[in-house]
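Structure first, then comments.
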Amino acid sequence: MQLYSTNNSDLRVSFKEAVFNSLPADKGLYMPALIPQLDSYFIRNLPQYSLHDIAFFVATALIGDDIPEADLRRIVSDAINFEAPIRPLDSGLAVLELFHGPSLAFKDFGARFMSRAMAFLSAGDDRVLDVLVATSGDTGGAVALGFLGVPGTRVTILYPKGKVSPVQELQLTTHGQNIRAIEIDGTFDDCQALVKEAFNDQTLKSAFRLTSANSINIARLIPQTFYYFYAYAQLLVQGMEEVVFSVPSGNFGNIGAGLLAHKMGLPVRRFIAATNVNDTVPRFLETGRFEPRPSVQTLANAMDVGNPSNWVRIMDLFGYDNALVKQAVTAFTFTDADTRRAIQTIFDRYHYVACPHTAIAWLSAEAYRRQYPGSYATVFLSTAHPCKFPDMFAPEIAARITIPDQVKLLAGRNKEITALGNDFSAFKSYLLANS
Ligand SMILES: *Cc1c(COP(=O)(O)O)cnc(C)c1O
(Lines give C-alpha, C1' and ligand atoms only; values in the text may rest on other atoms or scores of the structure.)
Protein backbone atom coordinates (compact mmCIF):
# COMPACT_ATOMS: atom_id res chain seq x y z
CA MET A 1 0.00 0.00 0.00
CA GLN A 2 1.25 3.45 -0.92
CA LEU A 3 -0.07 6.59 0.68
CA TYR A 4 0.20 10.28 -0.12
CA SER A 5 -0.42 13.40 1.92
CA THR A 6 -3.57 15.46 1.38
CA ASN A 7 -1.12 18.39 1.21
CA ASN A 8 1.20 16.76 -1.32
CA SER A 9 -0.05 14.18 -3.78
CA ASP A 10 3.52 13.50 -4.96
CA LEU A 11 4.60 12.19 -1.58
CA ARG A 12 4.65 8.39 -1.31
CA VAL A 13 5.07 6.41 1.92
CA SER A 14 4.50 2.76 2.82
CA PHE A 15 1.74 1.57 5.13
CA LYS A 16 4.30 1.12 7.91
CA GLU A 17 5.60 4.68 7.59
CA ALA A 18 2.06 6.07 7.53
CA VAL A 19 1.11 4.10 10.63
CA PHE A 20 4.08 5.21 12.69
CA ASN A 21 4.24 8.81 11.42
CA SER A 22 0.51 9.11 11.89
CA LEU A 23 0.69 12.54 10.23
CA PRO A 24 2.86 13.57 7.28
CA ALA A 25 5.39 16.31 8.15
CA ASP A 26 3.43 18.75 5.97
CA LYS A 27 0.48 18.36 8.39
CA GLY A 28 -1.82 16.85 5.81
CA LEU A 29 -3.36 13.41 6.34
CA TYR A 30 -2.35 10.17 4.68
CA MET A 31 -4.61 8.82 1.96
CA PRO A 32 -4.31 5.62 -0.10
CA ALA A 33 -2.63 6.50 -3.39
CA LEU A 34 -4.81 3.95 -5.10
CA ILE A 35 -8.30 3.02 -3.99
CA PRO A 36 -8.75 -0.64 -4.81
CA GLN A 37 -11.97 -1.66 -6.51
CA LEU A 38 -13.61 -4.75 -5.03
CA ASP A 39 -15.14 -6.87 -7.72
CA SER A 40 -18.90 -6.95 -8.08
CA TYR A 41 -18.91 -10.71 -7.60
CA PHE A 42 -17.56 -10.19 -4.07
CA ILE A 43 -20.13 -7.47 -3.36
CA ARG A 44 -23.09 -9.56 -4.63
CA ASN A 45 -21.92 -12.55 -2.65
CA LEU A 46 -21.19 -10.73 0.59
CA PRO A 47 -23.86 -12.69 2.50
CA GLN A 48 -21.78 -15.86 2.11
CA TYR A 49 -18.93 -14.44 4.15
CA SER A 50 -18.36 -13.97 7.86
CA LEU A 51 -17.33 -10.65 9.37
CA HIS A 52 -13.76 -12.02 9.64
CA ASP A 53 -13.71 -13.05 5.98
CA ILE A 54 -15.02 -9.68 4.85
CA ALA A 55 -12.60 -7.81 7.08
CA PHE A 56 -9.68 -9.86 5.81
CA PHE A 57 -10.67 -9.42 2.18
CA VAL A 58 -11.12 -5.65 2.48
CA ALA A 59 -7.93 -5.23 4.54
CA THR A 60 -5.93 -7.24 1.99
CA ALA A 61 -7.27 -5.14 -0.87
CA LEU A 62 -6.17 -1.95 0.90
CA ILE A 63 -2.95 -2.99 2.63
CA GLY A 64 -1.62 -5.43 0.01
CA ASP A 65 1.67 -7.12 0.90
CA ASP A 66 2.74 -4.69 3.63
CA ILE A 67 1.48 -7.36 6.03
CA PRO A 68 1.77 -11.00 4.91
CA GLU A 69 -1.60 -12.69 4.42
CA ALA A 70 -1.43 -15.12 7.32
CA ASP A 71 -0.43 -12.34 9.73
CA LEU A 72 -3.12 -10.02 8.44
CA ARG A 73 -5.75 -12.71 8.88
CA ARG A 74 -4.61 -13.28 12.46
CA ILE A 75 -4.55 -9.52 13.22
CA VAL A 76 -8.05 -9.07 11.82
CA SER A 77 -9.53 -12.04 13.68
CA ASP A 78 -7.86 -11.08 16.92
CA ALA A 79 -8.90 -7.43 16.64
CA ILE A 80 -12.52 -7.96 15.60
CA ASN A 81 -13.46 -10.51 18.25
CA PHE A 82 -17.02 -9.24 18.65
CA GLU A 83 -20.15 -8.93 16.53
CA ALA A 84 -21.64 -6.03 14.57
CA PRO A 85 -25.32 -6.97 14.27
CA ILE A 86 -28.02 -5.09 12.38
CA ARG A 87 -31.30 -4.92 14.27
CA PRO A 88 -34.40 -4.08 12.23
CA LEU A 89 -36.65 -1.64 14.12
CA ASP A 90 -39.32 -0.81 11.58
CA SER A 91 -39.94 -1.33 7.90
CA GLY A 92 -36.93 0.14 6.13
CA LEU A 93 -35.28 1.22 9.38
CA ALA A 94 -32.51 -0.62 11.18
CA VAL A 95 -29.73 0.07 13.65
CA LEU A 96 -26.17 -1.20 13.17
CA GLU A 97 -24.77 -1.93 16.62
CA LEU A 98 -21.05 -1.24 16.77
CA PHE A 99 -20.63 -1.27 20.55
CA HIS A 100 -20.09 -4.95 21.31
CA GLY A 101 -16.32 -4.65 21.75
CA PRO A 102 -14.51 -4.47 25.10
CA SER A 103 -14.74 -0.67 25.54
CA LEU A 104 -18.39 -0.68 24.41
CA ALA A 105 -17.89 1.84 21.61
CA PHE A 106 -17.28 1.48 17.87
CA LYS A 107 -13.75 2.79 18.42
CA ASP A 108 -12.75 -0.77 19.38
CA PHE A 109 -12.66 -1.60 15.65
CA GLY A 110 -10.01 1.01 14.96
CA ALA A 111 -8.07 0.80 18.20
CA ARG A 112 -7.79 -2.98 18.35
CA PHE A 113 -6.76 -3.31 14.72
CA MET A 114 -4.25 -0.48 15.01
CA SER A 115 -2.60 -1.78 18.18
CA ARG A 116 -2.11 -5.20 16.63
CA ALA A 117 -0.88 -3.79 13.34
CA MET A 118 1.60 -1.58 15.21
CA ALA A 119 2.84 -4.44 17.36
CA PHE A 120 3.35 -6.54 14.20
CA LEU A 121 5.14 -3.76 12.32
CA SER A 122 7.37 -3.00 15.36
CA ALA A 123 8.72 -6.52 15.70
CA GLY A 124 12.50 -6.23 15.89
CA ASP A 125 12.60 -2.62 17.14
CA ASP A 126 13.62 -2.40 20.78
CA ARG A 127 12.68 1.20 21.53
CA VAL A 128 9.39 1.61 23.40
CA LEU A 129 6.59 2.75 21.13
CA ASP A 130 4.93 5.78 22.76
CA VAL A 131 1.34 6.14 21.71
CA LEU A 132 -0.20 9.58 22.32
CA VAL A 133 -3.94 9.86 22.11
CA ALA A 134 -6.37 12.73 22.61
CA THR A 135 -9.88 11.62 23.47
CA SER A 136 -13.25 13.30 23.79
CA GLY A 137 -14.49 10.23 25.64
CA ASP A 138 -14.45 6.90 23.86
CA THR A 139 -11.20 6.74 21.91
CA GLY A 140 -9.06 6.66 25.02
CA GLY A 141 -10.86 3.69 26.54
CA ALA A 142 -10.69 1.71 23.32
CA VAL A 143 -7.02 2.52 22.78
CA ALA A 144 -6.14 1.71 26.40
CA LEU A 145 -7.78 -1.71 26.13
CA GLY A 146 -6.28 -2.24 22.67
CA PHE A 147 -2.71 -1.73 23.95
CA LEU A 148 -3.04 -2.87 27.56
CA GLY A 149 -0.18 -5.22 28.31
CA VAL A 150 1.17 -5.16 24.71
CA PRO A 151 4.96 -5.44 25.25
CA GLY A 152 7.11 -2.58 24.01
CA THR A 153 4.27 -0.05 24.03
CA ARG A 154 3.15 2.75 26.34
CA VAL A 155 -0.05 4.78 25.95
CA THR A 156 -0.55 8.37 27.13
CA ILE A 157 -4.18 9.49 27.06
CA LEU A 158 -5.19 13.17 27.14
CA TYR A 159 -8.80 13.95 27.96
CA PRO A 160 -10.67 17.18 28.74
CA LYS A 161 -11.21 17.53 32.48
CA GLY A 162 -14.83 17.17 33.57
CA LYS A 163 -16.05 16.54 30.02
CA VAL A 164 -16.12 12.73 29.94
CA SER A 165 -18.73 10.57 31.67
CA PRO A 166 -17.88 8.75 34.92
CA VAL A 167 -17.80 5.36 33.17
CA GLN A 168 -15.58 6.78 30.45
CA GLU A 169 -13.25 8.25 33.07
CA LEU A 170 -12.95 4.87 34.79
CA GLN A 171 -12.16 3.28 31.42
CA LEU A 172 -9.36 5.80 30.90
CA THR A 173 -7.76 5.96 34.30
CA THR A 174 -7.85 2.57 36.03
CA HIS A 175 -5.60 0.34 33.95
CA GLY A 176 -2.13 1.12 35.30
CA GLN A 177 0.55 -1.01 33.59
CA ASN A 178 1.55 0.62 30.30
CA ILE A 179 -1.37 3.08 30.26
CA ARG A 180 -1.33 6.59 31.78
CA ALA A 181 -4.07 9.21 31.80
CA ILE A 182 -3.74 13.01 31.83
CA GLU A 183 -6.70 15.31 32.39
CA ILE A 184 -6.27 18.59 30.57
CA ASP A 185 -7.86 21.76 31.87
CA GLY A 186 -9.42 22.54 28.50
CA THR A 187 -11.43 21.10 25.63
CA PHE A 188 -10.96 18.09 23.35
CA ASP A 189 -9.59 20.44 20.72
CA ASP A 190 -6.91 21.54 23.22
CA CYS A 191 -6.01 17.88 23.83
CA GLN A 192 -5.79 17.25 20.11
CA ALA A 193 -3.66 20.37 19.61
CA LEU A 194 -1.21 19.20 22.31
CA VAL A 195 -0.81 15.83 20.62
CA LYS A 196 -0.29 17.44 17.23
CA GLU A 197 2.28 19.82 18.67
CA ALA A 198 4.18 16.95 20.32
CA PHE A 199 4.62 15.39 16.89
CA ASN A 200 6.16 18.57 15.57
CA ASP A 201 8.52 19.03 18.52
CA GLN A 202 12.11 18.10 17.71
CA THR A 203 13.13 17.38 21.31
CA LEU A 204 10.24 15.00 21.87
CA LYS A 205 10.70 13.42 18.46
CA SER A 206 14.28 12.52 19.23
CA ALA A 207 13.62 11.48 22.84
CA PHE A 208 10.75 9.11 22.06
CA ARG A 209 9.43 6.85 19.36
CA LEU A 210 6.11 8.68 19.15
CA THR A 211 2.99 7.66 17.37
CA SER A 212 -0.66 8.64 17.50
CA ALA A 213 -3.73 6.57 18.02
CA ASN A 214 -6.22 9.20 16.98
CA SER A 215 -8.68 8.68 14.20
CA ILE A 216 -6.24 10.49 11.93
CA ASN A 217 -4.10 7.33 11.89
CA ILE A 218 -4.70 5.33 8.72
CA ALA A 219 -4.66 2.12 10.75
CA ARG A 220 -7.75 3.34 12.59
CA LEU A 221 -9.57 4.25 9.40
CA ILE A 222 -9.08 1.00 7.51
CA PRO A 223 -10.87 -1.34 9.98
CA GLN A 224 -13.82 1.03 10.12
CA THR A 225 -14.57 0.19 6.49
CA PHE A 226 -15.17 -3.46 7.44
CA TYR A 227 -18.54 -3.04 9.12
CA TYR A 228 -20.05 -1.09 6.24
CA PHE A 229 -19.47 -4.12 4.00
CA TYR A 230 -20.71 -6.44 6.71
CA ALA A 231 -23.82 -4.31 7.26
CA TYR A 232 -24.52 -4.46 3.54
CA ALA A 233 -24.12 -8.23 3.64
CA GLN A 234 -26.78 -8.43 6.35
CA LEU A 235 -29.11 -6.14 4.39
CA LEU A 236 -28.78 -8.30 1.28
CA VAL A 237 -29.88 -11.29 3.38
CA GLN A 238 -32.94 -9.29 4.38
CA GLY A 239 -33.64 -8.58 0.71
CA MET A 240 -32.60 -4.92 0.74
CA GLU A 241 -30.17 -3.52 -1.79
CA GLU A 242 -30.55 0.24 -1.52
CA VAL A 243 -29.14 1.68 1.66
CA VAL A 244 -28.62 5.01 3.34
CA PHE A 245 -26.24 5.09 6.32
CA SER A 246 -26.71 7.68 9.05
CA VAL A 247 -23.45 8.19 10.92
CA PRO A 248 -23.13 10.08 14.21
CA SER A 249 -20.13 12.27 13.44
CA GLY A 250 -17.54 14.21 15.41
CA ASN A 251 -14.05 13.95 13.96
CA PHE A 252 -15.55 12.37 10.79
CA GLY A 253 -13.42 9.22 10.80
CA ASN A 254 -16.37 6.85 10.91
CA ILE A 255 -18.24 8.42 8.00
CA GLY A 256 -14.91 8.90 6.20
CA ALA A 257 -14.36 5.14 6.37
CA GLY A 258 -17.89 4.59 5.02
CA LEU A 259 -17.15 6.87 2.08
CA LEU A 260 -13.89 5.03 1.46
CA ALA A 261 -15.83 1.74 1.41
CA HIS A 262 -18.23 3.36 -1.06
CA LYS A 263 -15.32 4.41 -3.28
CA MET A 264 -14.09 0.80 -3.15
CA GLY A 265 -17.36 -0.29 -4.71
CA LEU A 266 -19.87 -0.65 -1.89
CA PRO A 267 -23.25 0.48 -3.24
CA VAL A 268 -24.62 3.16 -0.88
CA ARG A 269 -27.32 5.58 -1.92
CA ARG A 270 -26.25 8.27 0.50
CA PHE A 271 -24.38 8.97 3.71
CA ILE A 272 -25.95 11.14 6.37
CA ALA A 273 -23.58 13.10 8.59
CA ALA A 274 -25.42 13.43 11.89
CA THR A 275 -23.96 16.06 14.20
CA ASN A 276 -24.77 17.79 17.46
CA VAL A 277 -24.49 21.59 17.58
CA ASN A 278 -20.81 21.30 16.64
CA ASP A 279 -21.96 21.82 13.08
CA THR A 280 -18.87 22.83 11.12
CA VAL A 281 -19.58 20.26 8.39
CA PRO A 282 -23.33 20.91 8.03
CA ARG A 283 -22.50 24.61 7.68
CA PHE A 284 -19.85 23.80 5.11
CA LEU A 285 -22.31 21.76 3.04
CA GLU A 286 -24.71 24.69 3.13
CA THR A 287 -22.32 27.56 2.50
CA GLY A 288 -19.26 25.99 0.85
CA ARG A 289 -17.06 27.55 3.53
CA PHE A 290 -15.18 25.44 6.06
CA GLU A 291 -15.15 27.55 9.20
CA PRO A 292 -14.13 25.61 12.31
CA ARG A 293 -15.34 26.91 15.66
CA PRO A 294 -14.30 26.10 19.22
CA SER A 295 -16.06 22.93 20.32
CA VAL A 296 -19.22 23.20 22.39
CA GLN A 297 -20.00 20.68 25.11
CA THR A 298 -23.10 18.52 24.48
CA LEU A 299 -24.75 15.33 25.71
CA ALA A 300 -23.14 13.46 22.80
CA ASN A 301 -19.67 14.28 24.08
CA ALA A 302 -17.70 12.05 21.72
CA MET A 303 -18.96 14.28 18.92
CA ASP A 304 -17.95 17.60 20.49
CA VAL A 305 -15.47 18.48 17.79
CA GLY A 306 -15.29 21.99 16.37
CA ASN A 307 -12.59 21.31 13.80
CA PRO A 308 -13.11 17.79 12.43
CA SER A 309 -9.71 16.49 11.35
CA ASN A 310 -10.90 13.83 8.96
CA TRP A 311 -13.04 16.13 6.84
CA VAL A 312 -10.09 16.85 4.56
CA ARG A 313 -9.90 13.13 3.78
CA ILE A 314 -13.50 13.20 2.57
CA MET A 315 -12.79 16.26 0.42
CA ASP A 316 -9.76 14.45 -0.95
CA LEU A 317 -11.83 11.35 -1.81
CA PHE A 318 -14.05 13.60 -3.94
CA GLY A 319 -11.25 15.59 -5.55
CA TYR A 320 -12.16 18.70 -3.50
CA ASP A 321 -15.32 19.07 -5.60
CA ASN A 322 -18.01 20.49 -3.29
CA ALA A 323 -20.81 19.44 -5.63
CA LEU A 324 -19.68 15.81 -5.62
CA VAL A 325 -19.40 15.80 -1.84
CA LYS A 326 -22.92 17.17 -1.55
CA GLN A 327 -24.23 14.39 -3.78
CA ALA A 328 -22.77 11.80 -1.44
CA VAL A 329 -23.31 13.39 1.97
CA THR A 330 -26.33 15.07 3.53
CA ALA A 331 -25.92 16.59 7.00
CA PHE A 332 -28.25 17.34 9.89
CA THR A 333 -27.65 19.03 13.23
CA PHE A 334 -29.54 18.51 16.48
CA THR A 335 -29.54 20.09 19.93
CA ASP A 336 -29.38 18.47 23.36
CA ALA A 337 -33.14 19.03 23.78
CA ASP A 338 -33.76 17.18 20.47
CA THR A 339 -31.46 14.40 21.66
CA ARG A 340 -33.32 13.90 24.94
CA ARG A 341 -36.67 13.79 23.18
CA ALA A 342 -35.31 11.33 20.62
CA ILE A 343 -34.07 8.93 23.31
CA GLN A 344 -37.61 8.87 24.73
CA THR A 345 -39.26 8.50 21.31
CA ILE A 346 -36.96 5.67 20.25
CA PHE A 347 -37.78 3.90 23.49
CA ASP A 348 -41.54 4.46 23.19
CA ARG A 349 -41.70 3.39 19.55
CA TYR A 350 -39.25 0.52 19.39
CA HIS A 351 -38.46 -0.38 23.03
CA TYR A 352 -34.88 0.33 22.11
CA VAL A 353 -32.37 2.22 24.23
CA ALA A 354 -30.12 4.54 22.22
CA CYS A 355 -27.11 6.44 23.59
CA PRO A 356 -27.10 10.20 22.82
CA HIS A 357 -24.82 9.79 19.79
CA THR A 358 -27.02 7.07 18.38
CA ALA A 359 -30.13 9.16 19.04
CA ILE A 360 -28.70 11.95 16.85
CA ALA A 361 -28.08 9.44 14.06
CA TRP A 362 -31.70 8.28 14.36
CA LEU A 363 -33.01 11.89 14.29
CA SER A 364 -30.97 12.52 11.16
CA ALA A 365 -32.18 9.30 9.56
CA GLU A 366 -35.79 10.33 10.25
CA ALA A 367 -35.20 13.83 8.89
CA TYR A 368 -33.71 12.35 5.75
CA ARG A 369 -36.58 9.90 5.25
CA ARG A 370 -39.10 12.72 5.56
CA GLN A 371 -37.18 14.83 3.06
CA TYR A 372 -36.50 12.02 0.56
CA PRO A 373 -39.26 9.40 0.76
CA GLY A 374 -38.54 6.20 -1.15
CA SER A 375 -38.02 2.48 -0.84
CA TYR A 376 -34.58 2.08 0.60
CA ALA A 377 -33.23 0.86 3.89
CA THR A 378 -32.05 3.46 6.36
CA VAL A 379 -29.41 2.18 8.74
CA PHE A 380 -28.29 4.37 11.61
CA LEU A 381 -25.08 3.50 13.36
CA SER A 382 -25.11 2.92 17.08
CA THR A 383 -21.66 3.93 18.23
CA ALA A 384 -21.76 3.38 22.00
CA HIS A 385 -23.51 1.21 24.55
CA PRO A 386 -26.09 3.25 26.48
CA CYS A 387 -24.67 2.14 29.85
CA LYS A 388 -21.75 4.49 29.26
CA PHE A 389 -24.11 7.42 29.85
CA PRO A 390 -26.16 6.40 32.91
CA ASP A 391 -27.31 9.93 33.79
CA MET A 392 -28.95 10.38 30.41
CA PHE A 393 -31.95 8.22 30.90
CA ALA A 394 -35.32 8.42 32.63
CA PRO A 395 -35.69 5.64 35.25
CA GLU A 396 -38.03 3.50 33.10
CA ILE A 397 -35.47 3.55 30.28
CA ALA A 398 -32.45 3.06 32.53
CA ALA A 399 -34.14 -0.03 33.97
CA ARG A 400 -34.05 -1.64 30.52
CA ILE A 401 -30.26 -1.30 30.09
CA THR A 402 -28.25 -4.44 30.70
CA ILE A 403 -24.95 -3.48 32.29
CA PRO A 404 -22.14 -5.60 30.80
CA ASP A 405 -19.77 -7.29 33.24
CA GLN A 406 -16.73 -5.22 32.22
CA VAL A 407 -18.50 -2.08 33.44
CA LYS A 408 -19.54 -3.60 36.76
CA LEU A 409 -15.91 -4.54 37.38
CA LEU A 410 -14.68 -0.96 36.81
CA ALA A 411 -16.67 0.54 39.66
CA GLY A 412 -14.37 -0.52 42.48
CA ARG A 413 -11.07 0.35 40.82
CA ASN A 414 -8.62 3.14 41.65
CA LYS A 415 -8.23 6.08 39.30
CA GLU A 416 -4.71 7.31 38.56
CA ILE A 417 -4.72 10.75 36.96
CA THR A 418 -2.18 13.47 36.24
CA ALA A 419 -3.72 16.95 35.94
CA LEU A 420 -2.20 19.49 33.52
CA GLY A 421 -3.14 22.84 32.01
CA ASN A 422 -3.67 23.23 28.28
CA ASP A 423 -0.25 24.75 27.51
CA PHE A 424 2.24 22.75 25.52
CA SER A 425 5.27 23.49 27.73
CA ALA A 426 3.68 21.71 30.73
CA PHE A 427 2.83 18.66 28.63
CA LYS A 428 6.31 18.55 27.14
CA SER A 429 7.96 18.79 30.59
CA TYR A 430 5.70 16.02 31.87
CA LEU A 431 6.68 13.71 29.02
CA LEU A 432 10.40 14.40 29.45
CA ALA A 433 10.25 13.98 33.23
CA ASN A 434 8.32 10.70 33.03
CA SER A 435 10.19 8.85 30.34
C1 LIG B 1 -15.93 8.91 18.45
C2 LIG B 1 -17.41 8.75 18.53
C3 LIG B 1 -18.25 9.31 17.57
C4 LIG B 1 -17.74 10.18 16.45
O5 LIG B 1 -17.00 9.43 15.52
P6 LIG B 1 -16.00 10.17 14.50
O7 LIG B 1 -15.34 9.09 13.77
O8 LIG B 1 -15.09 11.00 15.33
O9 LIG B 1 -16.87 11.03 13.63
C10 LIG B 1 -19.61 9.07 17.66
N11 LIG B 1 -20.12 8.34 18.67
C12 LIG B 1 -19.34 7.80 19.62
C13 LIG B 1 -19.97 7.04 20.71
C14 LIG B 1 -17.96 7.96 19.57
O15 LIG B 1 -17.20 7.44 20.52
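Order of listing sets the numbers, starting from 1, for every ligand and every atom in it.
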Practice task
For K163 and F188, indicate whether the former's side chain and the latter's backbone hold a donor-acceptor pair under 3.5 Å.
Solution key: no
Exercise for the section: Using distance alone, with no hydrogens and no angle criterion, decide if D338 and T335 have a side-chain donor and acceptor under 3.5 Å apart. Expected result: yes
Completion exercise
Heavy-atom proximity to atom 5 (O) of ligand 1, picking from F389, F106, F252, F99, points to F106
Completion exercise
Only residue of F106, Y230, Y227, F109 satisfying ring pair (Phe, Tyr, Trp, His ring centres under 6.0 Å) with F82 is F109
Problem - Polar atom proximity, G250 to ligand 1 (N or O, under 3.5 Å) - result: yes
Exercise for the section: Output the list of atoms in ligand 1 that are nearer than 4.0 Å to some heavy atom of S249, sorted by atom number. Expected result: 9 (O)
Handout entry: Ligand-residue contact atoms, ligand 1 with G253, heavy atoms, under 4.0 Å
Key = 6 (P), 7 (O), 9 (O)
Exercise for the section: Could you list the atoms of ligand 1 found under 4.0 angstrom from a heavy atom of N254? Expected result: 7 (O)
Practice task
Among I401, I343, N301, find the residue that satisfies the side chain to side chain contact (heavy atoms under 4.5 Å, CB included) test when tested with F389.
Solution key: N301
Problem - Atoms in ligand 1 flagged as close to K107, the criterion being non-hydrogen separation under 4.0 Å - result: 1 (C), 2 (C), 3 (C), 14 (C), 15 (O)
Exercise for the section: Check ligand 1 against N251 and write out every atom of the ligand that is under 4.0 Å from a heavy-atom position of the residue. Expected result: 6 (P), 8 (O), 9 (O)
Exercise for the section: Report yes or no: is the cationic atom of K263 (NZ for Lys, CZ for Arg) closer than 6.0 Å to the six-membered ring centre of F318, at no more than 45° off its axis? Expected result: yes
Exercise for the section: Flag this pair as yes if the NZ/CZ of R209 is under 6.0 angstrom from the six-membered ring centre of F20 and inside a 45 degree cone about the axis; otherwise no. Expected result: yes
Practice task
Find all atoms of ligand 1 within a distance of less than 4.0 Å from any non-hydrogen atom belonging to T383, and give their numbers and elements.
Solution key: 10 (C), 11 (N), 12 (C), 13 (C)
